[in-house]
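Take a look at the structure below.
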Amino acid sequence: MKILKSYTRVYVHHLNATINRYQQLLSTTVESRFKYPQKGLELASIGNLLLISGNENSLRPFRTTQITFLVDDLDEFVVFFKQHHFQIIHPYQHVPTGKNITVKDPEGFIAEYVQHV
């Protein structure tokens, strides 16, 4: 059970303009970019940022999630969450990059955990 990377979420309405700004600020390029049509979103990762783009209605359900963790084995994390009284906000599901779950820890911190497959 290992966290491979953490992404700070940045919610945006204009993905291309935001990508250009952060590529310049971080002196790096986009690592991944994909559409999530079922949710009306488009996402891009640059360094430790996860840019999440959509209209306000599309973004609203996601804004309370504060961070995304890329993990090696989501099933092991789910066992940990159950043992440590995490509340499952969005159950295990398939997403464009693999599978994810969104949980709230006992202190109220909301995070998404993703395993790429």
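Computed over heavy atoms, backbone and side chain alike; hydrogens, waters and symmetry mates excluded. Residues: numbered from 1 along the sequence shown.
Pairs engaging residues 6-36 under the ring-ring contact (aromatic ring centres under 6.0 Å, His included) rule: none recorded [sequence neighbours left out]. Applying the salt bridge (charged side-chain N to carboxylate O under 4.0 Å, His left out) test to every pair with at least one member in residues 12-25, sequence neighbours left out, gives no pairs at all. Pairs passing the salt bridge (charged side-chain N to carboxylate O under 4.0 Å, His left out) check and including a residue from residues 88-97, sequence neighbours excluded, do not occur. Evaluation of the salt bridge (charged side-chain N to carboxylate O under 4.0 Å, His left out) test over residues 7-19, restricted to residues two or more places apart or in two chains, returns Arg9-Glu112.
Among residues two or more places apart in sequence or in another chain, the side chain to side chain contact (heavy atoms under 4.5 Å, CB included) test is passed with Arg33 by Leu15, Asn16, Ile19, Val30, Glu42, Ala44. For Glu107, there are no salt bridge (Lys or Arg N to Asp or Glu O under 4.0 Å) partners at least two apart in sequence or on another chain. Applying the ring pair (Phe, Tyr, Trp, His ring centres under 6.0 Å) criterion to Tyr113, with sequence neighbours excluded, gives Phe69, Phe77, Phe81. Annotation: side chain to side chain donor-acceptor pair (under 3.5 Å) contacts of Glu31 (sequence neighbours excluded): Lys5. Remark: Phe80 pairs with Met1, His84, Phe86 by the side chain to side chain contact (heavy atoms under 4.5 Å, CB included) rule, at least two apart or across chains. When the ring pair (Phe, Tyr, Trp, His ring centres under 6.0 Å) test is applied to His85, no partner is found at least two apart in sequence or on another chain.
With rounding to the nearest 0.5 Å, the separation of OG1 in Thr64 from NZ in Lys104 is 8.0 Å. Between atom CG of residue Leu43 and atom NZ of residue Lys35 there is a gap of 12.0 Å, rounded to the nearest 0.5 Å. Taken to the nearest 0.5 Å, the CZ atom of Arg63 stands 4.5 Å off from the CD atom of Glu56.
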N/O donor-acceptor pairs under 3.5 Å from side chains in residues 47-55, not counting sequence neighbours:
{"residue": "Asn55", "atom": "OD1", "partner": "Asn57", "partner atom": "N", "Å": "3.0"}
{"residue": "Asn55", "atom": "OD1", "partner": "Ser58", "partner atom": "N", "Å": "2.8"}
{"residue": "Asn55", "atom": "OD1", "partner": "Ser58", "partner atom": "OG", "Å": "3.2"}

Quick one: side chains of residues 88-99, donor-acceptor pairs under 3.5 Å with protein atoms, not counting sequence neighbours, listed by atom name and distance.
{"residue": "Tyr92", "atom": "OH", "partner": "Lys99", "partner atom": "NZ", "Å": "3.1"}
{"residue": "Gln93", "atom": "NE2", "partner": "Asn100", "partner atom": "OD1", "Å": "3.3"}

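Transitive grouping of hydrophobic side chains (ILVMFWY, heavy atoms separated by less than 4.5 Å) keeps Leu4 and Ile67 in distinct clusters. Grouping the Ile, Leu, Val, Met, Phe, Trp and Tyr side chains by contacts below 4.5 angstrom, directly or via other members, places Leu74 with Val103.
None of Val10, Leu25, Thr28, Thr29 except one satisfies the side chain to side chain contact (heavy atoms under 4.5 Å, CB included) rule with Ile46; the exception is Thr28.
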query = Between Leu59 and Leu41, does a side chain to side chain contact (heavy atoms under 4.5 Å, CB included) hold up when you go through it step by step?
reply = CA-CA 8 Å; Leu59 292 172; Leu41 302 174; 3.8 Å; yes
